[in-house]
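Side-chain atoms are counted along with the backbone in the values below, which use heavy atoms only and exclude waters and symmetry mates. For ligands, and for the atoms within them, numbers begin at 1 and follow the listed sequence.
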Amino acid sequence: MKTLNLHKDVSFDVQKLREEFPILNQSVNGNPLVYLDNAATTQKPLSVINSIDNYYRTINSNVHRGLHTLSERATEAYEASREKIRDFINAGNTNEIVFVRGTTEGINLVAATFGRTSVNEGDEIIVTGMEHHSNLVPWQNLCREKNANLKFIPVSDEGELILDGFENMLSERTKLVSVVYVSNSLGTINPVKRIIETAHKYNVPVMIDAAQAVSHMKTDVRDLDCDFLAFSGHKIYGPTGIGILYGKENFLEKMPPYQFGGEMIKSVSYEKTVYNELPYKFEAGTPNISGSISIGAAIDFIKSSGYDNLYRHEQELLAYANEKFNSLGGIRIIGTAKEKTSVISFVLEGIHPYDTGTILDNLGIAVRTGFHCTQPLIEQRYKLPGTVRASFAVYNTKQEIDMLAEGLKKVKNMML
Ligand code: 7TS
């Protein structure tokens with residue numbers, strides 16, 4: 001039988017990598033920080049911090065407006081980052097890359113523009129039973145406004161999508177399928193390519209919530225053939241307040257603007273306005289320039305680590321954590337899909353997740369507790385008051401998982 005050497009970080013030098021993340025080197029509540037809340041947000045490497053610092057020290061200026069040198073430099077850096085992102089997700093054209101605040105805004109943009117203009121009374125939108133609120137509430141709201149119906153692909157006990165009935169859900173009434181690529185609370189990697197292929201047989205466009213996917217695995221929009229895809233900078237080692245909406249040009253062209261003013265305008269008279277071309281039509285007002293540039297630095301960081309190394313390391317951590325948790329006893333893992341990223345949601349039998357989280361925090365261990373913004377999944381589907389979630393990133397180590405396991409033993413001793 002093939003065995004993994006789970007006690008050695010063979011992929012790359014994690015200790016060296018950790019030196020690039022100054023925030024990790026600190027004590028919290030008198031203990032070394034063990035940061036295991038990476039699905040909420042990742043920490044930032046020096047290259048990203050320096051990129052933000054450098055922007056404000058050297059080229060801060062508004063983009064696409066000034067003729068002066070700094071404005072040109074800022075515009076160049078801003079557009080170079082757009083090209084870097086295009087390449088990163090293999091989009092065909094930079095026109096298809098829209099800077100937004102994050103995944104939430106990307107999805108809201110599509111709901112407010114594509115959604116409002118193509119969904120009518122009696123139409124249907126399909127999502128899954130494991131959506132983050134950001135990929136549920138905008139569609140719920142749109143369906144309420146339009147008297148349309150929201151349908152759900154069900155989730156199995158293991159946390160996988162049950163796709164047997166999916167094709168039968170599709171009809172000429174279906175206006176969009178919007179699916180989470182990787183579940184933030186279960187870690188499940190959904191077979192989105194298959195979902196897209198099936199939906200396209202019925203000419204139904206598909207939006208992908210890739211918030212939890214891009215930091216773990218290569219995401220190729222042309223290979224997936226998705227029609228829209230959104231992700232956030234802060235979950236891929238980049239800054240907060242910046243994210244990307246990818247949309248196929250033929251959809252973006254037909255969609256009305258999301259917000260009005262500033263950059264999205266070509267010409268204005270007192271009577272009417274001619275909107276700018278793509279992607280500027282969707283970038284009203286002064287954008288998050290430093291964020292847009294620094295997300296490029298985050299992409300460079302991911303590329304230099306290498307997806308293969310990153311994925312292998314995180315999968316080793318996941319396997320190691322599973323092994324540790326199984327030997328602890330009295331622990332129930334929520335989400336045991338065959339294909340998972342490095343997320344473990346769990347409950348200690350008889351102990352409220354908030355108590356577990358609070359005690360772990362006293363030990364310097366940061367995890368997330370509660371519904372993880374997937375309340376219907378945790379509360380209605382799994383009938384739980386919440387879970388504890390440990391989510392691992394490229395800089396986490398097996399020693400940190402040992403510390404988590406020791407912490408959980410202490411929780412049990414205190415609470416049971
Ligand atoms: N979709 C998924 C799958 C997510 O995990 C998140 C954030 C979002 C959308 C929203 O992203 P935002 O950057 O616009 O906020 N998820 C989490 C989480 O799991 N814990 O905190 C935020």
Discussion item. Whether the Asn141 and Arg144 side chains hold a donor-acceptor pair (N or O, under 3.5 Å, no angle test) is what I'd like checked.
Written reply: yes
Worksheet entry | Carboxylate-amine/guanidinium contact Arg73 Glu76, below 4.0 Å | no
Response to the item:
Residue set satisfying side-chain hydrogen bond (donor to acceptor under 3.5 Å, both in side chains) with Tyr280, at least two apart, ordered chain then number -> Glu79
Practice prompt. Check the side chains of Tyr35 and Glu400 for a donor-acceptor pair under 3.5 angstrom, ignoring hydrogens and angles.
Written response: no
Practice prompt. Could you tell me whether the side chains of Gln212 and Asn184 share a donor-acceptor contact shorter than 3.5 Å?
Written response: no
N/O pairs closer than 3.5 Å, ligand 1 and protein:
unit_1   : atom_1 : unit_2 : atom_2 : d
ligand 1 : 1 (N)  : Asp209 : OD1    : 3.2
ligand 1 : 1 (N)  : Asp209 : OD2    : 2.6
ligand 1 : 5 (O)  : Gln212 : NE2    : 2.7
ligand 1 : 13 (O) : Ser232 : OG     : 2.7
ligand 1 : 13 (O) : His234 : NE2    : 2.7
ligand 1 : 14 (O) : Thr103 : N      : 3.4
ligand 1 : 14 (O) : Thr104 : N      : 2.9
ligand 1 : 14 (O) : Thr104 : OG1    : 2.5
ligand 1 : 16 (N) : His132 : NE2    : 3.3
ligand 1 : 16 (N) : Lys235 : NZ     : 2.9
ligand 1 : 19 (O) : Asn184 : ND2    : 2.8
ligand 1 : 19 (O) : Arg389 : NH1    : 2.7
ligand 1 : 19 (O) : Arg389 : NH2    : 3.3
ligand 1 : 20 (N) : Arg368 : NH1    : 2.5
ligand 1 : 20 (N) : Arg389 : NH2    : 3.2
ligand 1 : 21 (O) : Arg368 : NH1    : 2.8

Practice prompt. Let me know which of Val204, Leu176, Val177, Asn149 forms a side chain to side chain contact (heavy atoms under 4.5 Å, CB included) with Glu124.
Written response: Asn149
